[in-house]
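A short worksheet on the structure shown next.
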Amino acid sequence: MLVPTSGVQVTESSGRCAVLTISGDVSRDLVPAIRAALDELIAEGRVRIVLDVRSITFMDSAGLGVLVYGVRNSEVERAACDWPGQECRCAGC
């Protein structure tokens, strides 16, 4: 049986846009890594951060909280943080 791994990584970066891919179980153990990645992308001046959440298998309230944190923090910095349904690319940045 394959055990899915949890992780967070920037899978695409183009100019001022980045795709942050989050996979596996998103619980309090993974939250610090997600928060650090979001903070780093915002600090780098990214104006659009696309959250690819298609590979998430489980999310608790802490995981949901960090995604809300990312959206709110990006808005404060005049950036956009979103999670599209199908296509997770840096198109149009």
Side-chain angles (χ1 to χ4, degrees):
M1 179 173 127
L2 272 172
V3 176
T5 59
S6 298
V8 56
Q9 66 180 7
V10 176
T11 54
E12 185 178 339
S13 182
S14 174
R16 299 185 330 162
C17 178
V19 175
L20 185 65
T21 300
I22 305 168
S23 59
D25 288 353
V26 180
S27 61
R28 64 182 176 92
D29 296 334
L30 191 58
V31 164
I34 297 170
R35 182 181 298 257
L38 287 166
D39 288 345
E40 183 176 334
L41 291 170
I42 292 168
E44 289 174 356
R46 306 298 177 149
V47 296
R48 182 166 184 243
I49 302 168
V50 179
L51 300 175
D52 182 353
V53 297
R54 295 175 295 173
S55 298
I56 291 177
T57 55
F58 170 82
M59 182 181 297
D60 68 7
S61 60
L64 181 59
V66 77
L67 296 184
V68 171
Y69 163 84
V71 171
R72 287 187 176 165
N73 199 29
S74 64
E75 289 172 351
V76 167
E77 297 297 325
R78 306 227 186 270
C81 187
D82 55 37
W83 47 84
Q86 298 264 336
E87 189 175 339
C88 294
R89 297 182 327 127
C90 287
C93 284

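This one's a predicted model, so the numbers in the text were calculated from it and none came from an experiment.
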Please determine, by modelled atom types, if S74 and R46 share a side-chain donor-acceptor pair under 3.5 angstrom.
->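 Note: S74 and R46 side chains miss the donor-acceptor criterion.
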What's the shortest heavy-atom distance between [X] and [Y], and which atoms?
X   : Y   : answer
L41 : A18 : CD2-CB, 3.8 Å
A33 : V8  : CB-CG1, 3.6 Å
D60 : A62 : OD1-N, 3.0 Å
I56 : I22 : CG1-O, 3.5 Å

Qualifying residue for side chain to side chain contact (heavy atoms under 4.5 Å, CB included) with L38, from L67, V71, N73, L20 |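 So the option named by the test is L20.
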Using the rule that two of Ile, Leu, Val, Met, Phe, Trp, Tyr join whenever any of their side-chain heavy atoms come within less than 4.5 Å, decide whether L51 and L64 are in one cluster.
-> yes
